[in-house]
Structures are given as structure tokens and as C-alpha cells.
Amino acid sequence: MSLKTRKINRIGILTGGGDCPGLNAVIRAVTKTAIFDYGLEVFGIEDGFEGLIKKRGRFLSSENASGIINVGGTILGTSNRADPFRVPVTRNHKVVFEDHSQKSLRHFREWKLDALVAIGGDGTLSIANRLASLGINIIGIPKTIDNDLSGTDSTFGFDTAVQIATDAIDRLHTTAASHHRVMVLEVMGRNAGWIALYAGVAGGADVILIPEFPFRSDVICDAVKQRARKGKRFSIVTVSEGAYEFGKSPVIKKVDKKNPYPEKLGGIGERITECIEEKTGLEARVAVLGHIQRGGSPTAVDRNLGTLFGMYAVKFLMDGREAHMVCLRGQAIESIPIGKAVNQLKRVPSDFPLVQSAISVGTSFGY
Ligand code: F6P
């Protein structure tokens, strides 16, 4: 059927992958825009693609979408394991993966859905793109605290994570200064250093370590020793969980085989802390911020970006754009084919203005 002739009366909506602040702002905007501007019915699929696979969902009214713009998490629930094309099942005491996409498609049709709004990061949107090729009319909305999705200047959730990490650095500053210690803060971001960079610069970190620039531990130690020589008796190091020493690999905390991203990063902060203590003789401590970065109330920036994305997603869907992802370009909300946005990590370039500014104010990137 041609794109323009598809009639849309009822849309599904799901949130997939790791949660992040701003998801409820998007759900609210999609639901209210769909109902108020287009007279559509909205059906919430629970726990991301798990709800599509297991047929779990419920209708959403404008009341259900009220009072949630400031609430963290997602009222629909999420899953970062569920993939209709790769469902883990136990057969003869062994875990094997089966394709349940046709069953998922059947559920979509039994619910009488005409389109699907998929809110997620790279993993969720890659799955959405495959479902689009099976005939589901899909629009994607980019979400992730990591800000590593190509095709959009920014994702919602990132600003909140940066603010939380910046607050943490501010707090570490006072205890670091009191005890004359080196405080190392490990933040999330997977294989992109956006959170560490933005929070590190905003918090005035002395050393920022990100996966894009493999570090040398001697350079880090020299940076903190030099500060000590100048009478600065404490230092702050912000390290992205995916950062690694030149010639080595990122530190893996655990492997979760059922997860599309099986390798869970974590532990580099601890290693750097030990190394600093050993090589400089200075006292050092580590703090790992972890999932605190994904929890709680979204910032105003993320609420507004979520509202813009949600409203435009419905508008683009009704305009006949299929298998597209809404995106931010400067101040404008546009869309690009999902296929062009996924499977290509957006990483920090070395000539990025914030990197250059950090270097100019004396921050070391450890290389
Ligand atoms: O992608 C978001 C993110 O929070 C990453 O920064 C982090 O590496 C990962 O998810 C953690 O995943 P999980 O919630 O499965 O521990």
C-alpha cells in the first residue's frame, strides 16, 4: 500500500532499551497530540518489545498522560533484552534464540494498530527498522543518556545525566579539597564520552578521560602531581566507563548474554584510582555514579526536547513519513530514515569545540 493511502486511526507506542529521564514527557506529548490534534486512539505497549512479543498493552487516554512530564522512568515500562527477532528460549536445558517477529506482527494486527511510535536508542531503533521492513508503519524517537545516536544533534535524557554528573563533581570537589585527595568519578556513556566531557567541563574537572582518546596513566599522574606542586592539594578526574589505556581495552564488569549489548562496562575508575595512589603517593578515592544518572526528574531541556520530539513524531506519521526517526538539527525538528541513524555511533571528535576549550583552560585528557 502506498504510504499516503495508509489510514491511521490507532497508534501503538513503546519505550525500549535502558530508561532515561524524559521518556514520560515524550509519552505525554505523543498521546495528547494524537488524541487532541488528530482524534487518534493510543495504545501503550508494555515493557518495550517484550509487550509486543507477549501481547501485553493497554489503551492510553489523555488522563493517563497527565501529570507525568516531570516524572522519571517510563509509565509503560521497558526492557533492554527483548528483541522479536531474537527471543531467548530454553530448549533441552539450553538457551537458544528464536525469531518471534511473525508472532509480534500478529499481535500488532490483533490490536488493530495502524502505526507504531518506537522510543529508544540504537538497539530499539534497529529492531524498529527491521519491523518496518515487515510492513509495520513506524516512526522512531531517539532516546539515550549517552547521546551517541547518529542523525540527531542531541537525544533527550542526555542533559539530565550531564546535570546529575555535574552535581556529583561539585560534591566531590568539597570533599576532595577538605581531605587533599584525588577524587575519581566514573560516569556512564558506553563507548562515547559525551557525558564525561560535558559534566567534566561543567564541573571543572582537572582530568577528563573518554573512550575516544585512549589515555596514558603517566600523563594522568603527571597532571595531578603538577597541580600538587602548584599548591593545589586536590584533583578531580572524570572518567567515562568506556575509557581505556592506550594499547589496552575497555574494562568489562560483566557479560550478559541475553542482552543485545552483552558486555557491561565498569571498573575503569577503580583501576585509575589504584594507579594514581601507587604512582603518585597521593591519596585517591573513586565514586561510581551508575544508574543514578538515569533516574529521577528530567531537566527542563529534556522535558522540552521530549515534548517537541513527541509532537513532531505524530505529525510526521500523519504526513506519511515511514521508517523515519525524528531528530534535532540546530533548533529545528526534522526526520531522517531510521536506517541512516542506527549502527553508527556518534562519538566525540577531537576538534569538538568543548574539547578544545577544555584544553585551553588547562584540562588534561590524559594523552
Ligand atoms: O545506554 C545507557 C546506559 O546507561 C549506558 O550508559 C550504560 O553502559 C548501560 O546503559 C547500562 O546498562 P544496564 O542498565 O543494562 O546496566
Side-chain angles (χ1 to χ4, degrees), residues 15-23 26 47-50 72-74 76-83 86 88 118-128 140-152 154-166 168 185-200 208-212 238-244 249-271 287-296 298-299 302 305-306 325 341-348:
T15 52
D19 71 336
C20 86
L23 282 166
V26 179
D47 300 333
F49 288 115
E50 194 172 305
T74 159
L76 290 174
T78 188
S79 161
N80 59 4
R81 290 177 167 195
D83 176 352
R86 205 168 175 272
I119 310 165
D122 196 75
T124 301
L125 295 177
S126 299
I127 295 168
I141 301 182
K143 156 251 66 155
T144 165
I145 62 162
D146 304 335
N147 197 35
D148 60 354
L149 251 175
S150 292
T152 182
S154 188
T155 51
F156 69 89
F158 172 61
D159 187 73
T160 309
V162 167
Q163 191 55 54
I164 293 168
T166 304
L185 177 69
E186 181 182 305
V187 298
M188 283 185 164
R190 234 188 273 272
N191 298 113
W194 297 107
I195 298 176
L197 174 66
Y198 272 73
I208 298 174
L209 305 172
I210 61 176
E212 289 83 348
T238 303
V239 55
S240 178
E241 61 182 359
Y244 57 97
S249 310
V251 182
I252 309 294
K253 190 169 58 186
K254 69 169 186 178
V255 177
D256 174 4
K257 287 196 177 135
K258 288 186 177 171
N259 197 296
Y261 297 98
E263 293 180 340
K264 296 282 153 204
L265 294 164
I268 186 65
E270 183 78 49
R271 291 210 188 164
V288 180
L289 202 47
H291 291 80
I292 290 168
Q293 289 157 100
R294 291 203 334 223
T299 58
D302 282 335
L305 188 58
M325 180 189 88
V342 294
N343 295 323
Q344 27 185 330
L345 206 61
K346 184 179 75 185
R347 307 185 85 201
V348 179

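Note: hydrogens, waters and symmetry copies are ignored here, and every other heavy atom, side chains too, is used. Whatever order the structure lists ligands and atoms in, that order sets their numbers, starting from 1.
Looking at E186, its side chain does come within 3.5 Å of a backbone N or O of I268 through a donor-acceptor pair.
D148 meets the side chain to side chain donor-acceptor pair (under 3.5 Å) test with no other residue; sequence neighbours excluded. Shown here are the side-chain contact (heavy atoms from CB on, under 4.5 Å) partners of P262, two or more places apart in sequence or in another chain: V255.
Here the side chains of Y244 and S249 are not in contact, with every heavy-atom distance at 4.5 Å or above. Between K143 and T155 there is no side-chain heavy-atom pair separated by less than 4.5 Å.
Protein neighbours of ligand 1 below 4.0 Å, counting non-hydrogen atoms: N80, I145, D146, M188, G189, R190, E241, K264, H291, R294.
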Do any side-chain atoms of residues 187-198 form donor-acceptor pairs under 3.5 angstrom with protein atoms, and if so which ones, sequence neighbours left out?
unit_1, atom_1, unit_2, atom_2, d
W194, NE1, N147, O, 3.4
W194, NE1, K346, O, 2.9

